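Let me begin by presenting the structure, written as structure tokens, before commenting on it.
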Amino acid sequence: MDLSWLIGRLGLEHLPSEPATIGAAIGMPLMALAVVAGLTYFKKWTWLWKEWITTVDAKKIGIMYGIVSVLMLIRGIGDAIMLRMHTAAAGITGGDGLFQTDTFQQVFTAHGIIMIFFVAMGLMFALINIALPLMIGARDVAFPWLNSFSFWLFAVAMILVNFSLVLGGFSNGGWLGYPPLTSLEYSPGPGVDYWLWTLQIAGIGTLLSGINFIVTIISHRAPGMTLMKMPVFAWSVLITMVLVLLAFPILTATLSMMTLDRLFEMHFFTSEAGGNPMMYVNLIWAWGHPEVYILVLPAFGIFSEIVSVMARKALFGYKTMVAALTAIMFFSFLVWQHHFFTMGAGANVNAFFGIMTMIIAIPTGVKIFNWLFTMYRGKIKFTTPMIWFLCFVATFTIGGVTGVMMAVPAIDYQVHNTLFLVAHFHNTIIGGVVFAFLAAITYWFPKIFGFRLHEGLGKIAAYFWQIGFLLAFMPLYALGLMGAVRRLDNYDNPEWTPFFVVSGIGVLAITLGAGMLVVQIAYSVYKRKTLRDKTGDPWDGRTLEWSTPSPAPFYNFAVIPKVTRRDEWWYQKLDGVKSLKRSDYKDIVLPKNSSLGFVIAVLVGLFGFGAIWHVWWLMIVSMVAIIYFAIRRGLDDDVEYTIPAVELYRLDKEARG
Amino acid sequence: MTKSTATLMQKEHSSPAQLGFWLYIMSDLMLFAAFFATYMILRPGANDGPSSGDIFDVNFALVETLVLLASSFTCGLAYLAAKYKQKVSFTRWLAATLVLGLVFLGMEIYEFAEFILAGHGPDHSAFLSGFFSLVGLHGLHITAGIIWGVVLLGYITKRGLNKNALRRLGLFSVFWHFLDVVWIFIFTIVYLMGVVS
Amino acid sequence: MKKLVWPIIIIGTAFGFLAIMWWLVAGTKPDVIYPSGQVGDHQQSLLMLTVLLSAAVVIPVFLMLGIFAWRYRDTNKKAKYKPEWQENVLLEAIWWGIPVIIITSLAIVTWFSSHSLDPHKAIVADKPPLKVQVVALQWKWLFIYPEEGIATVNSLPLEVDRPVSFEVAADAPMSAFWIPSLGSQIYAMNGMSTKLNLIPNKTGIFYGYNTNINGEGYSDMKFPVEVMPGDAFKKLSKKIASSSMTLDYNHYEEIAKPSRDEPVHQMSLSDKGLYDKILMKYMDHGGHEAPASEDNSNHEGMEH
């Protein structure tokens, strides 16, 4: 019987066939079942629905982003372990390593996607959601419902990428999936479609968040906080979100074109019928390069806050910091071609893009000097976030320098697509982005949960990460110079084996570091009474988020603070904080919870699933449902509720103990 | 809530939505820019099939353009009528806008069908892929706009021209005029330049 | 003593790490650092130059990081504390200035090296260049020597001190052709011929790679490059030219079928226009324009 009208191209042959993938395919549904069973046993479904799934509170959405990202970090590290163990084993035994080639290629593709989209971007949105509204003295983001919708799109995309393990496999074309390898001709299976729809859904979620945070910063700042009085983190978010707004539509367009190629046999990026694969490479990097700065600019913002708080000194060169951020934003759109100097464009083109790339090193270097001189004549507390900062400067500087080296086209011709390149971007992304986000988790944790993370364990985690990073990636620089190409699943060169083995040991050390973070969180939860943050200001902070009690109440501030200068809270503390009077409290309006963000995102996921498996009816049904629910949301006038001043006064008294 | 805070909230509320919508329009413009750029690059890739000069009928596209321009005009009138709380006049102009939008969409579908029946579908060559998806993307926006317009019409008929309705209508008209502007670019770059070269 | 514990641990770790790296690198001679061709030589000296220039920033940064962190620790009562000191035009001018100077000099180097080491640029030497047409296949390399009338699969014999002018294309997903000992890599694409000029200056066996993933057998695309003296090369090419195995379009289509771990083939070339035919497979419908060889090439027409 032909069931293809019902199930498209779904079939049992798409179930995994290799021990490693079978394990994952059985393990993941079991984990999901365990979660469901746990929720049912402890009768937590209503709680989950009311407190979390339908929430529009930015802080809670931030926590959910954080949980998803940490889970994905564990999966991404798992992928990395598989990759490095495979190459180390291949070298030691002289054989083909642990996995089939196809699996190996799927793993590095998934590793890239997961680490960029679901760990780095996820943690970024976690931290922005948690800290930004508090920092600028806002009650919430500009569009709380949209925020919940963005998060659920992100979560649905995450489920899609993981579901590919169970059914159909993932793309094996690398994280940016250059055609023609990913065209219908060479990759007809569902893997590339999983990749396309994962990115597409996550990308749209990101774009909506971009709009949301720009508006939040432009129109929801506390009274008196002019742009030049904002914390640098807010500046970095503003500039990042402008990059999102300009770059992500290009991703959406590019992925749509590839989807049309694959679904309707069109010819955007095919090598025949006039299509142009080189155009894909241009388009994807026109998004991809700004994307790199989208990740790293918030990291710069975070460290600007941390170093100034821990050195107990105003950030050095605030204005140059902002100028540097703006310059980086501008130049990040003029450098995309440096990702493919070796495509054979003329010397003038290559030289132009090479020089543009180097110019970005100037504002970045300036930022590093500004941070160093923030420490100068400060009184530095060596807390965990500060340790991360020191590791960051040491690591990121090296990454920046190797970046400048590769910006010289003539050098890039010798190191492009080798492990040197792999080492370079891990150097900037781990040393820059991941260190910053892990520092920020420690830094803002007490504000959200009301107790601090254990300092000693956090520092040990940082050391493991730092040493593991060096062991894992410094050998890769050397390997690249020896001619080791990236993405190799086997190589017959005994000289390379010790390097791969040391790199494998490094990955294990990073794993220990990540494990330490989990231990740190678990231990801190256990010791939450002694680690409680009673003041709401555990680090002696400078910005507004530390002026409200910890954990931050759902309305953020009982009374929106007035701002007259940079680092308002620091100076208020110097002047002596004035306590609020009964008459300061006014009625406040807050957004109501809504299930529609979750519902529509799930429908988008079903639409994507239908497109992956060519289940046309599912696509049509979910599209109609999406339109229906979107209209319902659009016409809902009853989206807010009021907390009367009396009630607010009572809540605030309670929160302040 | 006191009356003054209520109006304050209202003010605070309408401007972020407008700013957000303009930002969305900007991102949509980037989306169209990407499709325009690919179309321009793929235009020579005719794959032994028709080139832009062979199949485009500028007169037909001109009529489409006039229809859409007219709909923008009626949309403006609808907004004015709504502002002065003239519900009947508003309903007529908005309905006219939507009908003109439908006529435009019908013409576009007719053109697409004609090409596909002649064997010049989007899977024939890179040029046709670029053409169908650029113009089709605009068509999708028009479709979304029509659905939005119908919903607005229903809402206002039922609940009258309240503040929320006016705010939504303002955003709708921004969207509709934006689609008109994009179409002018399509008309110039795809049709006019296509026939000239 | 107690306050020295952390510095000792940090410095100890750093030295331990350096020892590991030393143990790893000692005895190896990375191809990129010890090249065997003129192009690679230039690229190696460029690499060293950038390392030196970067050191002018990296070393002060590391020193300041260590010294500031140590000197301004909160337990140090002797250090000055100036919580409001946050602007200094002179200092900021210095650290805008130094990177600007470094980057400007690097930019000048970049401009000239991009032209002098442009892979399109023919290399001037005593001998006329050897012409080799390279085709990336799934998953092997085909090398066509049109002037010698021979072709090889997965093995690239070259003549020492004689420039080689490669034309590179793919009949497979995008691949890239790279021999680290000689220098520069270049992408291999369908229906488009990219150019690469190299010159081997030492005899010996080197290895070449595909650097761009093109499917399942990607890792198999490693090939030996045998650089030999002129007379040996002539002898070899004569021997191959007289081989009974001939390469024409039909045979090519056999070879082009996806295969892994393909052994070396040596064939005489019966169809001198084979390379163009392989290119035309993708070009007869128009659409592509091969990137122009010289400066005016600019196939990325989009700006954002």
Side-chain angles (χ1 to χ4, degrees), chain A residues 101 174 178 180-181 186 271-274 282 286 313-314 316-317 320 333 342-351 354-355 358 361-362 365-366 368-369 372 375-381 393 397 401 405 408-411 413-414 417 470 474 478 481-483 485 487-490 495 498-499, chain C residues 17 21 24-25 28 30-33 43 46-47 50 54 58 61 64-65 68 72-74 80-83 85-86 92 95-96 99-100 103 106-107 110-111 113-115 117-118 173-174 180 184-187 190-191 194 209 211-214 216 219 282 285 287 291 295 297-298 300 302 304:
Chain A
T101 306
Y178 284 7
L181 180 59
Y186 292 106
S271 20
E272 74 276 1
N282 274 287
K313 184 161 166 287
F316 195 88
T320 30
F333 275 102
T342 57
M343 198 177 256
N348 284 341
V349 176
N350 280 353
I355 292 169
M358 291 166 195
I362 300 172
V366 167
I368 289 181
F369 285 116
L372 289 174
M375 286 161 61
Y376 182 73
R377 295 193 171 164
K379 249 177 156 15
I380 305 165
K381 290 175 285 186
V393 175
T397 309
V401 164
M405 284 158 76
V408 182
I411 297 176
Y413 272 107
Q414 271 290 60
N417 268 359
L470 290 171
M474 292 299 140
L481 296 176
M482 298 164 97
V485 172
R487 292 168 175 165
L488 284 183
D489 67 308
N490 67 67
E495 213 172 58
F499 290 84
Chain C
F17 176 73
M21 287 311 290
L24 282 176
V25 177
T28 64
D31 288 353
V32 174
I33 306 296
Q43 284 164 328
L46 265 180
L47 190 75
T50 54
S54 319
V58 174
V61 165
M64 282 195 277
L65 182 67
F68 290 178
Y72 299 105
R73 65 191 190 278
D74 57 354
K80 272 189 190 160
Y81 174 50
K82 281 183 149 185
W85 187 71
Q86 48 180 310
E92 288 181 76
W95 60 70
W96 278 94
V100 165
I103 295 297
L106 206 53
T110 299
W111 183 264
S113 66
S114 297
H115 285 85
L117 291 171
D118 183 5
M174 188 165 89
S184 288
Q185 58 181 298
I186 197 96
Y187 281 171
N190 292 333
T194 43
Y209 305 89
T211 66
N212 200 70
I213 182 167
N214 65 347
E216 180 112 23
S219 307
Y282 296 94
H285 299 309
D295 290 340
S297 113
N298 184 353
E300 50 290 299
M302 61 207 87
H304 294 280

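Numbered from 1 within each chain, the chains take letters A, B, ... in sequence-line order. These numbers come from a predicted model, not from an experiment.
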From CA spacing to verdict: side chain to side chain contact (heavy atoms under 4.5 Å, CB included), C/Thr211, A/Arg487: CA-CA 9 Å; C/Thr211 66; A/Arg487 292 168 175 165; over 6 Å; no
Trace of the side chain to side chain contact (heavy atoms under 4.5 Å, CB included) decision for A/Asn417 with C/Tyr187: CA-CA 11 Å; A/Asn417 268 359; C/Tyr187 281 171; 4.1 Å; yes
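With a threshold of 4.5 angstrom between heavy atoms, C/Asn212 approaches chain A through its backbone and through its side chain. Only the side chain of A/Tyr178 has a heavy atom closer than 4.5 Å to any heavy atom of chain C. Only the side chain of C/Met21 comes within contact range of chain A, judged by heavy atoms closer than 4.5 Å. Using a 4.5 Å cut-off between heavy atoms, A/Ala314 contacts chain C through both its backbone and its side chain.
When the candidates A/Asn350, A/Leu488, A/Asn490, A/Val366 are compared by the number of heavy-atom contacts under 4.5 Å with chain C, A/Val366 comes out ahead. Between chain C and the residues A/Ile368, A/Thr397, A/Leu470, the most heavy-atom pairs under 4.5 angstrom are made by A/Leu470. No other option in A/Gly174, A/Gly483, A/Gly365 has as many heavy-atom pairs under 4.5 Å with chain C as A/Gly483.
Contact of the A/Met474 side chain with the C/Phe17 side chain is registered, since non-hydrogen atoms from C-beta on lie closer than 4.5 Å. Between C/Asn190 and A/Pro180, the closest side-chain pair of non-hydrogen atoms falls below 4.5 Å. When side chains are defined from C-beta on, C/Glu92 counts as touching A/Phe316, because their heavy atoms get closer than 4.5 Å. You'll find the side chain of C/Trp95 stays beyond 4.5 Å of the side chain of A/Thr320, heavy atoms only. For the pair A/Lys379 and C/Tyr81, the minimum side-chain heavy-atom distance is below 4.5 Å. A/Phe369 has its side chain within reach of C/Met64: a pair of non-hydrogen atoms, C-beta onward, lies under 4.5 Å apart.
A/Ala410 and C/Leu117 make their closest contact through CB-CD1, 3.6 Å (heavy atoms, listed as atom of the first residue, atom of the second, distance). Looking at every heavy atom in both residues, A/Ala351 comes nearest to C/Trp111 through CB-CE3, 3.4 Å. When all heavy atoms are compared, the tightest approach of A/Met405 to C/Thr50 is CG-OG1, 3.3 Å. Between A/Leu481 and C/Pro30, the shortest heavy-atom distance links the atoms O-CB, 3.4 Å. C/Glu216 and A/Thr101 get closest at one heavy-atom pair: O-CG2, 3.0 Å. Closest of all the heavy-atom pairs between A/Ile411 and C/Gln43 is CG1-O, 4.4 Å.
Within the 3.5 Å criterion, the main-chain N or O of C/Trp85 finds a donor-acceptor partner in the side chain of A/Lys313. Side chain of C/Ser219 to backbone of A/Asp489: a donor-acceptor contact under 3.5 angstrom is found.
Partner of A/Gln414 under the side-chain contact (heavy atoms from CB on, under 4.5 Å) criterion, chosen from C/Leu47, C/Val32, C/Leu46: C/Val32.
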